[in-house]
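Since the structure comes first, as structure tokens, the remarks are kept for the end.
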Amino acid sequence: MGREPGVAARHRGRRAAPHPRQRRAPGVRRDARERRLGADRGDRPLPRRDHQAVLEGEHGPRGAERAAGGGCRAADRERAAPGGAERGHRGRPPLRRRGLHLLRPRGARRGREAPRQDGGGRRAAGRRLRGLMSDNPPDRDPAMHRDERDRRRKLAEIEGLGVPAWPSRYAASHTLEAATEAFGDLDGPGLEAIPEEERTVRVGGRIVAIRSFGKAAFLRLSEGPGTLQVHVRRDVLTERDFAVSKALDLGDWVGVTGPMFRTRTDELTVRADSLVFLAKALLPLPEKWHGLADRDTRYRQRYLDLLGNARTREVFRSRAAMVSAMRRFMDGEGFLEVETPMLQPLATGAAARPFQTRHRALGIDLYLRVAPELYLKRLVVGGFPRVYEINRNFRNEGLSTRHNPEFTMLEFYRAFSDCADMMEITERLVIAAARAVLRGEPAVFGDDEIRFEKPFARVSLLEVTGAALKEQGVPLEDDDLRSAPPLAEAHRRLDLPLPPDESAGKLLLSLFEALAERRLVQPTFVTGYPVEVSPLSKASPEEPGITERFELFAGGLEIANGFSELNDPDEQAARFGEQMAKRQAGEDHAMDWDYIEALRHGLPPTGGCGVGVDRVAMLLTNSPAIRDVILFPHLRPREGR
RNA sequence: GGGCCCUUAGCUCAACUGGCAGAGCAACUGACUCUUAAUCAGUAGGUUGAAGGUUCGAUUCCUUCACGGCUCACCA
């Protein structure tokens, strides 16, 4: 609420003196100026059903009505008493809501008759509904877009013609995409050579462009990934269908039946022999040239973004393709897809602040999970040696271009595997995901080109951080990179804030994140994470302070984190204990005795890995912000207004 | 929470050093039966985010606030 249009509408409603408008009988031709939305492609394909119906003889207005009437009752009534529904509306002026004239001093001054009709029970119901939604009198309701009045008037015109305004069903013979595919290969003469019945289609879509010529018009329909032009002619349509066509607005949904042909400019087009009204858009489409540009509106009203911006639709198609490729890959590797609790009594598996909630019946507090990790490993204990889950995690932290409070992670575990195996499979997984979206092309991410090709670089945390420090003019010896005081000194010299826990491991990781992470553009496995920052990974037998763990970076983003799972229950209990002892402000660690008990039943040597699905989607769709790959990202709630 | 930036018609944006607030698109009225950002003629649409200050005069300069963005911090 409180979006710009509403605010402006409020001002206008209060003080603007609308220009007097001629009253017209329903169905009278409206303006003939053309309107249009930038041509684009739609998104979802429509289910193909009854595609043959039209080709089996349901041509013409009759058939169209039948389809529009949702079957039936409405259409049958219509046939029984043509124009019957019209009577109730005939003679009424177009929709104006009662009391509007009070706000129109100029019109009144000019002596123009103030509109004061009720518009029928349906109108009244709509008004009551709006009354419920808002404390404002309807005519100054800020929720009423300035264009909505006109659109409601046209809706009334359509209803006044006896046409069902909100039919239930539409039996298309083709999706727009399918119709284009079926006839797109034929040129004009080629189409003419086919009998009309055989090139007749029944298609539906949203009107995204109207170019009107008084007695004829071109409509551009959009539906799913398809788009198709429709030619409307007065000498072809029934009088009523033509009247409906004159009352259409951009954004409305219609269906048409007629033969395909090619225009003089060679565009594949349906000649509308009949036209069915399917649904009204009371609010206008996003702006036609620039699309929807306002970031905030794009996120808050994603449907408008999808409607107006082909690029947005493409991003989310790519994301879907990527996720299904990941799923196919895991299935192909013999992993079992599982679902583990989102509501957990303890938020474990990652060091992050959880969201807290309450279960009434049980009388307990629960947390939204921060990671599925410990549950998935319980499943390995239970005898599912390969499991994975693609699902949401919730972390009660700040929002940024790389963080959304809920994000999607693919997490998988494989028995008899270690960190190195996990790197190998992660590499193949990420390449498979990239291939599904990019089809072999390198990923363009900002100014960089990222090549998801075997083998990904491998580098140790010590090496890469040491090199970055050296470049910053703060060279440290290997020993110093493992020791807290020199690492803390490096922070001071580089004017970096110290992490709350000043262990050597945290300090090293802090320097890595500050100096090195962003520069890992090509896919790179970083290995050798200190034990202090890896409480769930197994320590290396050779280097006691170092774990068998890796993180994968690309485009400067962390996209995966995997390790040899710590399966010694005593060691795990000790690590949890250390964490609790060191508990810092904000860090909310807990001893998960239930998990320890599971480990005591014996977890085989297991490798695990989590992949940030949103982050990978960012890389593969060249999206600089995580919000661009999440359909409905979290935003600060709108205030005031 | 800190820093920087933005806010002008429904949308996208102009408006010189402080001097009558504009355009395109959308809307509305009219013309037009093959258009492709169709075209043509006309109409309407603004408390320039809010409040205060400086000034003869504020969209413009100053202060505060609000909304939004970016960024930093937080985020094993």
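Convention: sequence-line order gives letters A, B, ...; per-chain numbering from 1.
Checking B:C28, B:U35, B:U33 against every side-chain atom of A:R233, the shortest atom distance belongs to B:U33. The side chain of A:R353 lies closest to B:C74, out of B:C28, B:C72, B:C74. Nearest to the side-chain atoms of A:H403 among the listed nucleotides B:C28, B:C75, B:U35 stands B:C75.
When the P atom is compared between B:A23 and B:A14, the two are found 16 Å apart, to the nearest whole Å. Here, B:U59 and B:C20 have their C1' atoms 13 Å apart, quoted to the whole Å. A gap of 11 Å separates the P atoms of B:G2 and B:A66, to the nearest Å. On the C1' atoms, B:U60 is 12 Å away from B:U8, given to the nearest whole Å. Here, B:C25 and B:U63 have their C1' atoms 38 Å apart, quoted to the whole Å. Using C1' as the reference atom, B:U54 and B:C70 are 32 Å apart when rounded to the nearest Å. Across B:U55 and B:U17, the matching P atoms stand 23 Å from one another, rounded to whole Å. For B:G49 and B:G30, the P atoms lie 36 Å apart once the distance is rounded to whole Å.
No salt bridge links A:E532 with A:K506; every basic N to acidic carboxylate O contact stays at or beyond 4.0 Å. In summary, A:K538 and A:D568 do not engage in a salt bridge, as defined by a charged side-chain N under 4.0 Å from a carboxylate O.
With the nearest nucleotide of RNA chain B identified for both A:T401 and A:R151, A:R151 has the one nearer the 5' end.
Put simply, CD1 on A:I210 is 10 Å from P on B:C28, counting in whole angstrom units. What separates CG of A:D495 from P of B:G2 is a distance of 19 Å, to the nearest Å. Distance A:D305 CG to B:C11 C1': 15 Å, rounded to the nearest Å. Between A:H634 atom NE2 and B:C75 atom P there is a gap of 21 Å when expressed in whole angstrom units.
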- So what is the 5' to 3' dot-bracket string for RNA chain B, if pairs are Watson-Crick or G-U wobble with both distances under 3.5 Å, crossing pairs use [ ] and | means the partner sits on another strand? (((((.(..((((.....[..)))).(((((.......))))).....(((((..]....)))))).)))))....
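In this structure, the side chain of A:D241 does not engage the main chain of A:S274 through any donor-acceptor pair within 3.5 Å. With hydrogens and angles disregarded, a donor-acceptor distance shorter than 3.5 Å links the side chain of A:D614 to the backbone of A:T408. A:R615 contributes a side-chain N or O that, together with a main-chain N or O of A:R402, makes up a donor-acceptor pair within less than 3.5 Å.
Scanning for ring-ring contact (aromatic ring centres under 6.0 Å, His included) contacts around A:F394 gives an empty result, with sequence neighbours left out. Here A:E517 pairs with nothing under the side-chain hydrogen bond (donor to acceptor under 3.5 Å, both in side chains) rule; sequence neighbours left out.
Nucleic acid contact for A:T263: base, since at least one base atom lies under 4.0 Å from a heavy atom of the residue. Residue A:D235 is in base contact, counting any heavy-atom pair closer than 4.0 Å across all strands shown. Residue A:F512 is out of contact with every strand shown, counting any heavy-atom pair closer than 4.0 Å.
Ring planes of A:F261 and A:H231: tilted class, angle from 30 to 60°.
A:F218 qualifies as a stacking partner of the B:U35 base, centre to centre under 5.5 Å and near-parallel within 30°.
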